[in-house]
Q: 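Handing you this structure, nothing more for now.
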There are 2 protein chains.
Amino acid sequence: MSKPDTQTPRGRYRAQVREEVKRHAWEQIAAAGASALSLNAIAKQMGMSGPALYRYFASRDELITELIRDAYRSLADTFRARARADAGSKAGAGADLGDLAHALRGWALDDPQRYFLIYGTPVPGYRAPEDTTRTASEIMAVILDACAAAPAGSPGSPASPAEKLPTTHPSPFDAHLDAHRAWAGPHPAPSSALHRALLFWTRLHGVLSLELAGHFAGMGFDPAQLYTAEAEAVMGR
Amino acid sequence: MSKPDTQTPRGRYRAQVREEVKRHAWEQIAAAGASALSLNAIAKQMGMSGPALYRYFASRDELITELIRDAYRSLADTFRARARADAGSKAGAGADLGDLAHALRGWALDDPQRYFLIYGTPVPGYRAPEDTTRTASEIMAVILDACAAAPAGSPGSPASPAEKLPTTHPSPFDAHLDAHRAWAGPHPAPSSALHRALLFWTRLHGVLSLELAGHFAGMGFDPAQLYTAEAEAVMGR
DNA sequence: TCGCGTTCGTGATACCTTCTAACGAAGCGG
DNA sequence: CCGCTTCGTTAGAAGGTATCACGAACGCGA
C-alpha cells in the first residue's frame, strides 16, 4: 500500500498489470470457483513465469482479498447509482426498494461467483479488512435510506384486505432492535425501518443465494417471480 | 460401490477406516474450510502414508462428495426425527414449523461448515449425485408436510390487527406455483402451502447463512431473535 | 492347517501448487 | 550519463493430488 502511484510511468504500468491479473482471476473464478484460482495459471496466460506475479500481489490470499474488495465496491457502486437515479426521478431521499432489489439481482446474476465471494461460504480463519466492512456499511446505508423513505407499513407480506394500516403494531423484534441500533449509526429511522432493512437483506439473499447455487434447478417454478414476490412482501405491498 | 460388505471382517475394517477418515475430514473442514481439506494431512494424523487413503476413497473429490452426502442425510434425519416427535405429541400429520425451524438452526450452529457444504458457495462444474438430490427432496417433503398441516393463513408477517383471515387472497406467485408444482410431487397441498414451504426455506436460510458467515457480527442485535421472528412470519403468526 | 488370492500399506515417482531467493536486465530520475 | 529501483527470470524448497509396483498381511476354502 501507499503505492497507488498513477503519476509515474512505473506506477501506471504496475496498476495496469494488476488490473490484467485481476481480469484473468475473475475469469478463472467464474469458470471453476475461487478455490481453483491459480497464480501460476494466470501468469502463464499472461505470458509470464509464475513468480513474476509476486511483484504485484504478495500472496494468493492478497489477490483474493483484493477481488473481494472490488466485489464489495462494485455492489456499493451499483446501489449508489440506483439510489442517485431514483433521487432524481422521485421525491423521497432514498432509492425505491423495488429498484434496489432489481439492481441486486441483476448484479448477482451478472457474475454469481462474485456474489458468493461476498456472501458465500466463509473461510473459518479469514478476517475481512477494515475497508471492506466500511463498504458493507455503505451498502447497508443505502438500503436503510430506502427503508426510511418508504411508506410505513407492516413489512413482510401481502397485508390483509383492509390495506396497510399506518398503525403498525411493533413486533418483539422491533423492540429488541430499538435497544440494539448501534449498527444503524446516527440514522434517525424508526426501528420498523431497521427491521425492514434487515428483511430486505436476509429475504432477498435467501432466494438469490439458493437460486444462484442451483438449488431451485429442476423444480420448475421461476425464481425471478419468487424473488419479486419477496421484494414486494418486504415493501409491504 | 457395491462394496458395503459389513459382513466380512475386511468389509468391517474397511467401513471403520472410512469412517475414521471422514471424522478427521470433518475436523479439518471445521478448522479451515473444505478447500483446505488435505488427504495427506488426514493420512498423517492416522499414522499412515498418503497414498494409503486411495484404497478407501478414489479421490479427494469423492471424499468431499461423501461428506456432502452425509451432511444431507444428517439434516434429513434431524428433520424426520422432529417430524416423528411432533406427530406423536399433536394431532396434525406433519411437524410443527416452529419446531422444524428451531431444529434447523440447532443443526446448523452445531457445525456451520457442514451447513455450508450443502448451502454454501457452489463449485461451477460440480454435479450433485442423484441420491443427494433425493435426500434433498425428502427434506423438502418434511417441510411441505408441515406446511400442509399448518393452519391456513397469510404467510409472511404479523397479520393485521384483524387477525389472520381464512380467506387468503392468492398472490400472483401462488398462481404461478399452481402451474408449476411438479417439484411437490403428488402432494395434495394447496399452492399456498407450497409457497409457505418455499418461504420457510428461503427466509430461514437467508438469516441463518448470513449469521453463520459472520455478516451480523458487530451489529449488536441477536440473530436468534431475527430468526424466530422470520419463522413466526412464515407461520403467519 | 495350509496354501492362494485378495486386499492393504508402502516408497518411488510425476506433476501440480504456493512462495522464497538470487541474479541479470531494463527503466526512470537526477 | 550514471545509479538506484523495479521487474522478470531461473532454481529450489515444501507440500499437495494421484498412479504405480512391490511386499506383506489377511481371510477363505480346501
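In what follows, every chain begins at residue 1, and chains take the letters A, B, ... in the order their sequences are listed.
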Q: So, A:Arg18 side chain and A:Tyr56 main chain: donor-acceptor pair closer than 3.5 Å or not?
A: yes
Q: If each of B:Ala52 and A:Asp61 is mapped to the nucleotide of DNA chain C with the nearest heavy atom, which maps nearer the 5' terminus, i.e. the 5' end?
A: B:Ala52
Q: Are there more than 12 heavy atoms of other residues, nucleotides or ligands under 6.0 Å from atom CZ of A:Arg23?
A: yes
Q: Within less than 4.0 Å of OP1 or OP2 of C:dG9, is there a side-chain N or O belonging to B:Tyr13?
A: yes
Q: Judged by modelled atom types alone, do A:Tyr115 and A:His205 share a side-chain donor-acceptor pair under 3.5 Å?
A: yes
Q: So does B:Arg134 pair up with B:Glu130, basic N to acidic O under 4.0 Å?
A: yes
Q: Between the opening five pairs and the closing five pairs of the helix from C:dT1-D:dA30 to C:dG30-D:dC1, how far apart are the helix axes, to 10°?
A: 10°
Q: Quickly work out the B:Met48 CE to C:dG11 P distance and round it to whole Å.
A: 12 Å
Q: Provide, to the nearest angstrom, the distance between the NZ atom belonging to B:Lys44 and the P atom belonging to C:dT10.
A: 12 Å
Q: Which is true for A:Leu53 with a 4.0 Å heavy-atom rule: it touches a base, it touches only sugar-phosphate, or it touches nothing?
A: nothing
Q: Is the phosphate of C:dC16 approached by A:Asn40 (side-chain N or O, under 4.0 Å from OP1 or OP2)?
A: no
Q: When you match B:Pro9 and B:Ala41 each to their closest nucleotide on DNA chain D, which lands nearer the 5' end?
A: B:Ala41
Q: Under 4.0 Å between a side-chain N or O of B:Arg14 and OP1 or OP2 of C:dT7?
A: no
Q: Just how far, in rounded Å, is C1' of D:dC26 from CZ of B:Arg55?
A: 14 Å
Q: Atom OH of A:Tyr54 and atom C1' of C:dT20: how far apart are they, to the nearest Å?
A: 10 Å
Q: Is any side-chain nitrogen or oxygen of A:Ser38 closer than 4.0 Å to OP1 or OP2 of C:dT17?
A: yes
Q: Show which side-chain atoms of residues 65-75 of chain A pair as donor or acceptor with protein atoms under 3.5 Å away, not counting sequence neighbours.
A:
from, atom 1, to, atom 2, distance (Å)
A:Thr65, OG1, A:Asp61, O, 2.9
A:Thr65, OG1, A:Tyr126, OH, 3.4
A:Glu66, OE1, A:Arg69, NE, 3.4
A:Arg69, NH1, A:Asp131, OD1, 2.8
A:Arg69, NH1, A:Asp131, OD2, 2.5
A:Asp70, OD1, A:Arg73, NH2, 3.1
A:Asp70, OD2, A:Lys22, NZ, 2.7
A:Ser74, OG, A:Trp107, NE1, 2.8
A:Ser74, OG, A:Arg114, NH1, 3.4

Q: Does B:Thr8 put a side-chain nitrogen or oxygen below 4.0 Å from OP1 or OP2 of D:dG27?
A: no
Q: Under the 3.5 Å rule, do the base of C:dC28 and the side chain of A:Arg10 count as making a donor-acceptor pair?
A: no
Q: Provide, to the nearest angstrom, the distance between the CZ atom belonging to B:Phe57 and the P atom belonging to D:dT19.
A: 15 Å
Q: Starting from P on D:dG16, measure out to CD1 on B:Ile64 and report it in whole angstrom.
A: 14 Å
Q: Tell me the interatomic distance from A:Arg18, atom CZ, to D:dT6, atom C1', rounded to whole angstroms.
A: 15 Å
Q: Do the ring planes of B:Phe216 and A:Trp201 sit parallel (below 30°), tilted (30 to 60°) or perpendicular (above 60°)?
A: perpendicular
Q: When the distance from CZ of A:Arg60 to C1' of C:dC16 is rounded to whole Å, what number comes out?
A: 13 Å
Q: What do you reckon, are the aromatic ring centroids of A:Tyr119 and B:His215 less than 6.0 Å apart?
A: yes
